[in-house]
Amino acid sequence: MRMMTRSCTPSCNAHRPEGGDALARLQIELVQVRSTAAALARLCSDAERFDLLLSDCTREAEPVDAGLQLQAALDNLDNPPPLVICHAALAATLRQQRASLASQAGVFGEAVLPDELLALVLAAVKRSSAEGASGARAGPAARRETPARG
């Protein structure tokens, strides 16, 4: 499995390469980028497809809805990976608002807590395995039918 993380502070990513090889032990290749432009460039240029894209919800030096804008850009690509947005909105109202916006935008899921993120990564792995076995990839309409909450 290939996973890309788009984060302005990659050192915050739990299981980063310098923090151990937990993802490598799970046979997950992790590619880290710092910006939306860098993420889109890698998605378009890499010969091998990414199975999952993790992104923070808001970004330094980018609009407050950068995660949602990334999903809009992904919808214009052929065969994009599912997007999971990570954020720290524990307040119920803000959490509900972000989950609703993510769902409306077609985001695969959103997560605040580590167990939610893990559940979404596992769901993406299962989906990627099923699509690989059938030779088909879900398009934007199928992604929109996926619950956006971890």
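Starting from 1, each residue takes its place in the sequence as its number.
- Once rounded to the nearest 0.5 Å, the distance linking CD of E116 with CG of L120 reads 7.5 Å.
- At least one side-chain heavy atom of L53 sits less than 4.5 Å from a side-chain heavy atom of L74.
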Legend entry - Stepwise side chain to side chain contact (heavy atoms under 4.5 Å, CB included) test for S55 and L70: CA-CA 9 Å; S55 176; L70 177 59; 4.0 Å; yes
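- No donor-acceptor distance shorter than 3.5 angstrom exists from the side chain of R98 to the backbone of E110, with no hydrogens or angles considered.
- The side chain to side chain contact (heavy atoms under 4.5 Å, CB included) search around L52 returns M1, M3, L54, P82, V84, V121, A124, not counting sequence neighbours.
- For D78, the CG atom counts as loosely surrounded, since its 6.0 Å shell holds 12 or fewer non-hydrogen atoms of other residues, nucleotides or ligands.
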Legend entry - Pair L30-T5, side chain to side chain contact (heavy atoms under 4.5 Å, CB included): steps then yes or no: CA-CA 7 Å; L30 179 65; T5 64; 3.4 Å; yes
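- In this structure, L90 shares a hydrophobic cluster with V112, L113, the cluster being traced through Ile, Leu, Val, Met, Phe, Trp and Tyr side chains under 4.5 angstrom apart.
- Between atom CZ of residue R127 and atom CG of residue L122 there is a gap of 14.5 Å, rounded to the nearest 0.5 Å.
- Between L77 and C44, some side-chain heavy-atom pair lies under the 4.5 Å cut-off.
- No donor-acceptor contact under 3.5 angstrom links the side chains of S100 and Q96, judged on distance only.
- For R2, the salt bridge (charged side-chain N to carboxylate O under 4.0 Å, His left out) test picks out E29, D46, with sequence neighbours left out.
- Taking 4.0 Å as the cut-off between side-chain N and carboxylate O, R42 and E48 do not count as a salt-bridged pair.
- Put simply, CG on L83 and CG on L68 are 8.5 Å apart, with the number rounded to the nearest 0.5 Å.
- Between the side chain of S45 and the main chain of A41, a donor-acceptor pair closer than 3.5 Å is present.
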Inset, instruction - Step by step, work out the side chain to side chain contact (heavy atoms under 4.5 Å, CB included) result for Q97 and T93. - result: CA-CA 6 Å; Q97 178 186 29; T93 303; 5.7 Å; no
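- Counting heavy atoms from C-beta on, the side chains of C86 and D56 never come closer than 4.5 Å.
- Atoms CG and CG, from L43 and N79 in turn, are 10.5 Å apart once rounded to the nearest 0.5 Å.
- Side-chain atoms of L101 and V107, non-hydrogen and from C-beta on, never get closer than 4.5 Å to each other.
- Judged purely by distance below 3.5 Å, without hydrogens or angles, the side chains of S35 and R6 never pair a donor atom with an acceptor atom.
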